[in-house]
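Values below: all heavy atoms of this structure, side chains included; hydrogens, waters and symmetry mates excluded. Bear in mind that the values here come from a model prediction, so they are computed numbers and not experimental data.
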Amino acid sequence: MTYGKSIELFLVNGTADSIITAELSNWNGKAIKIPRIEVAGCKRDDITQAGVYFLFCEEADGLDSVYIGEAENVKERLVQHMRDHNSEKEKYYWNTAVIFTGRDLNKALIRYLENRFVETARNLKRCTVLTKNTYRNTVMKESQISAMEEFIESVEILLSTLGYKVLEPLDKQDKDVSDKEKSEKIVLHLERNIKDIGKIEADGMRTAEGFVVLKGSHISPVDDDTIPEALKERRRKADIESGVLKEDMLFSSPSYSAMFVIGKSANGLTSWKTSDGRLLKDIEDI
C-alpha cells in the first residue's frame with residue numbers, strides 16, 4: 001500500500017519561472033530550483049550550504065542532458081560552472097539548477113549522494129549524464145548509509161514533483177503496489193512484416209507519461225522519410241544490438257512508439273494490440 005505525502009512548494013518571487021523551494025513533511029532536507037540567470041545575484045543562505053545539485057540542459061542534438069554534482073558551497077560551484085562555460089572549458093549550457101541541501105551534510109555524505117544519483121541516472125537512461133567521475137569508495141558508517149538512502153528517496157520524489165524524471169524508472173512499480181495492481185497493467189504487442197527484412201515484433205505498455213517500448217523488442221533496421229527526423233535520431237542513438245532493443249524507451253504517444261519500431265509512418269492506436277487481439281483504440285474508448 002502506498003501513502004500520501006505532503007509537499008510544500010514556495011514561489012520565492014511569486015512566479016513559477018523564478019526560484020522555487022520544495023520541502024517534504026518530516027524531512028530535514030530542502031530542494032531549491034533556481035534559473036541560471038538568478039544564481040550569481042542570489043543572496044539566499046541555503047544555496048551556499050553543502051549539497052548535491054542537478055544542472056538541466058539540452059544538447060546540440062536536442063536531447064535532454066543533466067550534470068549531477070556535489071559541493072560544500074553549492075552557489076560557488078554553480079558560478080564556477082558558468083565561468084568554465086564562458087572560458088570554453090565546459091561545452092554544455094544549463095538553464096536550470098535544482099539544489100538539495102540538508103542538515104548535517106558533509107563532504108563524505110554529499111560524495112556518496114552524488115555517486116548514487118549518477119549511477120541511478122545512467123542506469124535509467126532518461127537522459128544523457130554529463131558527469132564524468134564520482135567518488136565511488138566513500139567510507140561511511142552503516143547508520144550514515146541508511147540515512148542517506150532515505151535522503152535519496154526524498155530527493156527522487158521532489159525532483160519528480162518539480163518536473164524532472166531523471167531518477168524515476170520508465171515503468172515505475174513501487175514495492176508497495178499490490179500484485180493485483182501490477183497485473184492490471186496491459187502489455188501490448190505489435191507485429192509488422194517489413195519488405196526484405198521479415199517480421200518485426202515488439203511489446204509496449206502505456207504509462208502515466210506516455211508509451212514505453214519494452215526492451216527485447218525487435219526494431220526495424222531501416223526507416224524512411226515518413227517519420228520525423230527527431231525520431232530517426234532516436235533510432236540511431238538507441239541501444240540496439242542485432243535488431244533487438246536493449247533498454248526500455250519512453251515516447252510521447254503510441255504512434256511515435258510504433259513508428260520507432262517499424263521505421264515507417266504508423267497509427268499507434270491500431271498498430272498496438274492486446275494478447276487477445278483488441279486494438280489499443282478499443283481499450284481507450286470511453
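Between R111 and E114, none of the side-chain N atoms (NZ, or NE/NH1/NH2) sits under 4.0 Å from a carboxylate O, so this pair counts as no salt bridge. The pair D225-K232 meets the salt-bridge criterion, since a charged nitrogen lies less than 4.0 angstrom from a carboxylate oxygen. Using a 4.0 Å cut-off between charged nitrogen and carboxylate oxygen, K107 and E70 count as a salt-bridge pair. R122 and E119 are not joined by a salt bridge, as no carboxylate oxygen comes within less than 4.0 angstrom of a charged side-chain nitrogen. The pair E191-K273 does not meet the salt-bridge criterion, since no charged nitrogen lies less than 4.0 angstrom from a carboxylate oxygen.
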Side-chain donor-acceptor distances from residues 22-29 under 3.5 Å, at least two apart:
none

Acceptor/donor pairs from residues 253-261 side chains to any protein atom, 3.5 angstrom cut, sequence neighbours excluded:
unit_1 : atom_1 : unit_2 : atom_2 : d
S253   : OG     : Y256   : N      : 3.1
S255   : OG     : G268   : N      : 2.8
S257   : OG     : P254   : O      : 2.6
S257   : OG     : W272   : NE1    : 3.1

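By the 6.0 Å contact criterion, CG on N137 is open, its count of non-hydrogen atoms from other residues, nucleotides or ligands being 12 or less.
Judged purely by distance below 3.5 Å, without hydrogens or angles, the side chains of T15 and D17 pair a donor atom with an acceptor atom. Under the 3.5 Å distance criterion, with hydrogens and angles disregarded, a donor-acceptor pair is assigned to the side chains of Q80 and D84.
Of all non-hydrogen atoms in I197 and S220, the two that sit nearest each other are CD1-OG, 3.8 Å.
Going from atom CD1 of I219 over to atom CD1 of I262 covers 10.5 Å, rounded to the nearest 0.5 Å.
F56 has its ring centre less than 6.0 Å from the ring centre of Y164.
Within the structure, ring-ring contact (aromatic ring centres under 6.0 Å, His included) contacts touching residues 28-52 (residues at least two apart or in different chains) do not occur.
Within the 3.5 Å criterion, the main-chain N or O of E168 finds a donor-acceptor partner in the side chain of R126.
Both tests do not hold together for R116 against F151: distance to the six-membered ring centre under 6.0 Å, angle to the ring axis within 45°.
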